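Notes for the one structure printed next.
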There are 2 protein chains.
Amino acid sequence: MPRCTLATIAREANVSVPTVSKVLNGHSDVAAHTRAIIERLLTEHGYQRPRSPRRSNRRGEFIDLVINDLDSNWGLAILTGVEQVAEEAGLTLAVSAVHNRASLTRRWLQSLLSRASQGAILVLSDLDEAQRAELARRTLPFVLVDGVSAPPPDVPSVGATNFAGGFAATEHLIGLGHTRIAAIGGPESLLCTRARVAGYRSALEASGLRAHRDLVRYAPFHHDGGLDAARRLFALAEPPTAIFAGSDHLATGVYSAARARGLRIPEQCSVVGFDDLNFTPWMAPALTTVRQPLREMGVAAARMLLRVINGERLDSHRIELATALVIRESSGPRAPH
Amino acid sequence: MPRCTLATIAREANVSVPTVSKVLNGHSDVAAHTRAIIERLLTEHGYQRPRSPRRSNRRGEFIDLVINDLDSNWGLAILTGVEQVAEEAGLTLAVSAVHNRASLTRRWLQSLLSRASQGAILVLSDLDEAQRAELARRTLPFVLVDGVSAPPPDVPSVGATNFAGGFAATEHLIGLGHTRIAAIGGPESLLCTRARVAGYRSALEASGLRAHRDLVRYAPFHHDGGLDAARRLFALAEPPTAIFAGSDHLATGVYSAARARGLRIPEQCSVVGFDDLNFTPWMAPALTTVRQPLREMGVAAARMLLRVINGERLDSHRIELATALVIRESSGPRAPH
DNA sequence: TTGTAGGCGTTATCAC
DNA sequence: GTGATAACGCCTACAA
């Protein structure tokens with residue numbers, strides 16, 4: 001059987017070859033109906049582009065940024081970095097949020113395909129196999145930032161040294177004399193959460209301590225998540241004397257829970273956060289936290305994307321930027337009990 | 001002689017009517033040579049468009065958001081609101097930052113014109129006369145959010161009740177017994193700053209107090225701006241017992257200055273901020289501030305833009321959303337001195 | 001009837 | 001030559 005070419009598809013779809021080419025390249029001048037038929041045929045035949053890309057499509061001057069959730073000022077720092085690089089490269093940045101909703105992801109992908117985007121950066125959101133295949137057919141490059149799950153080795157991705165961050169935070173607390181140290185991670189499904197908690201466990205084990213099951217919690221990345229988890233921790237028969245929160249927003253919840261229970265930070269409970277968002281120095285007490293270079297992560301992801309777009313080789317498909325413990329006032333020696 | 005129509009031109013140029021139409025509307029898919037011929041004929045015949053414009057150019061599916069400075073999480077809330085509306089309307093949102101630089105503004109405008117943007121929302125940034133004219137020629141609508149200067153009456157704009165906010169904040173402090181109340185505004189050139197400070201003055205006057213010159217300062221909207229201004233205020237022979245800061249970020253600077261001088265908030269100095277960003281409840285003490293519905297402002301601006309794009313009439317060219325004083329812990333009665 | 005948008009084929013061209 | 005793509009302009013449908 002001969003290799004499937006555009007001509008094959010065109011014949012079956014009763015259109016001209018250029019029309020198929022247009023669908024493949026996301027041009028807008030194809031009727032939605034026609035496009036659907038052609039896309040189906042392309043999938044059915046498992047069409048593969050020739051490896052050496054043809055005269056490359058220098059059409060739109062866009063790149064896309066998809067952030068799962070724009071509401072947290074977490075994403076802003078990344079956005080800022082991406083915007084800067086896009087601006088320098090003379091590319092327009094299209095921003096969207098998908099709020100963990102599959103329908104929005106599909107919609108975004110659809111709009112991306114019918115536009116002339118050169119590539120996409122996905123933050124804390126992920127695509128399923130079919131969606132990846134669709135992008136691959138179009139040879140639309142994408143880069144993951146803090147992907148949901150471990151990305152396939154051939155997908156470029158950017159992250160922070162979450163494991164090392166979790167380790168450093170916990171080690172710091174151990175060094176202050178704490179032995180009952182709790183962890184509140186973000187959603188358990190997230191790669192970054194798992195790495196941070198793994199770092200936490202590892203630090204405990206390295207000191208001969210054990211992570212008691214009750215002391216590890218998972219909660220959504222916001223104040224109320226932290227509040228709720230910390231409440232339960234404080235209600236334990238043997239409450240922790242220190243808490244490693246997997247994000248600064250979670251840490252604000254821990255503060256609220258401590259305050260509600262009349263616990264003073266750090267005298268009665270030390271707290272360490274993660275992210276180092278810009279308000280942490282002004283919290284009271286100022287939050288000890290693991291700094292994550294979010295803006296730089298955005299810059300790195302955007303530069304990576306540009307390299308892929310320009311057909312340059314990546315030195316590495318995975319970049320992890322260093323985290324650093326920032327010690328402020330919310331962590332202190334364990335109180336003699 | 002019959003009136004000159006596109007058909008006349010088309011016949012003479014040996015092209016179809018749609019092709020002439022495309023030249024007239026600046027579409028790109030006409031060869032330069034053909035376009036030149038047609039443009040010459042159009043000029044020679046003195047072609048006039050009919051007065052009632054036909055279905056106008058529904059070109060790209062974009063709208064643009066230009067934020068002067070993305071770095072502050074101030075803009076994030078607005079961005080979120082705009083994104084939501086754009087998504088609902090099936091439009092892609094292009095985001096850029098211009099950092100108060102004229103060159104970047106020019107570049108952005110250039111890219112906007114060469115793209116297929118349907119319109120733009122400008123946040124805390126402004127266009128000069130020529131730039132406005134350029135947009136008008138293309139009939140590209142735009143909406144201002146918190147414009148730099150008072151917008152011309154025919155330009156749609158969205159803001160908050162800054163005057164009322166400044167008034168409420170100051171009245172609150174007066175009610176607590178303060179008489180030496182300082183204000184730290186943002187940059188003096190900004191409309192929102194002037195309105196907030198005017199509200200402050202007005203409240204003082206309404207209570208028979210006077211705004212001493214030394215007690216009104218202007219500083220850039222960030223921590224260090226507030227720190228610097230507050231330092232100078234505390235160094236006065238008669239320092240203020242309360243400070244109204246024109247933004248929450250400025251207020252964080254006031255906190256730092258107070259701490260550095262050993263002043264307790266609110267016992268020795270009350271502080272009121274402006275914006276109610278998401279971290280203010282976790283500051284210590286929790287910041288009393290004037291809430292500004294930033295997200296809703298983004299929504300309102302985007303909806304306004306859509307109406308203009310669709311040729312609908314606006315009920316009003318100026319929308320001001322209400323501010324509200326949120327009393328927390330950073331404001332308290334004047335200490336007996 | 002005039003003008004416009006969308007859709008798609010024709011042609012030229014390019015890389016192999 | 002062959003596969004794929006960019007450029008261009010006509011046809012059709014439709015809106016005023």
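Below, read A as the first sequence line, B as the second, and so on, with proteins coming before strands; counting in each chain starts at 1. Because the structure is a prediction, the values reported are computed rather than measured.
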Where the side chain of [X] is defined as all heavy atoms beyond and including C-beta, which of [options] is the nearest nucleotide?
X       : options              : result
A/Pro18 : C/dA5, C/dT11, D/dA4 : C/dT11
A/Thr5  : C/dG3, C/dG9, D/dA4  : D/dA4
A/Ala31 : D/dC8, C/dG7, D/dT5  : C/dG7
B/Leu6  : C/dG3, D/dC10, D/dA4 : C/dG3

Margin query: Testing the basics here: between B/Pro156 and B/Val308, what is the closest heavy-atom pair and its distance to 0.1 Å?
Written below: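 Taking every non-hydrogen atom into account, CG-CG2, 4.4 Å.
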Reckon [X] has a side-chain N or O less than 4.0 Å from the OP1 or OP2 of [N]?
X       : N      : result
A/Thr34 : C/dC8  : yes
A/Tyr47 : D/dG3  : no
B/Thr19 : D/dC10 : yes

Discussion item. Are the side chains of A/Ile9 and A/Glu12 in contact, using a 4.5 Å heavy-atom criterion?
Written reply: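 No, too far: nothing below the 4.5 Å cut-off.
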Between A/Leu93 and A/Leu79, is there a side-chain heavy-atom distance shorter than 4.5 Å?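 A side-chain contact exists here, since the closest heavy-atom pair is under 4.5 Å.
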Review point. Hey, does the side-chain of A/Lys22 have a donor or acceptor N/O within less than 3.5 Å of a partner on the base of C/dG7?
Key: no
Practice task
Check the distance between C/dT10's C1' and A/Asp29's CG and give it to me in whole angstrom.
Solution key: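 Atom CG in A/Asp29 sits about 14 Å away from atom C1' in C/dT10.
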| field | Rounded distance in Å - CZ (B/Arg11) to C1' (D/dC10) | value |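 From B/Arg11 CZ to D/dC10 C1': 17 Å.
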Look at A/Glu39 together with A/Arg35 and state whether they make a salt bridge at an N to O cut-off of under 4.0 Å. no
Sugar-phosphate only, base, or nothing, as touched by A/Val20 at under 4.0 Å among non-hydrogen atoms
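Touches nothing.
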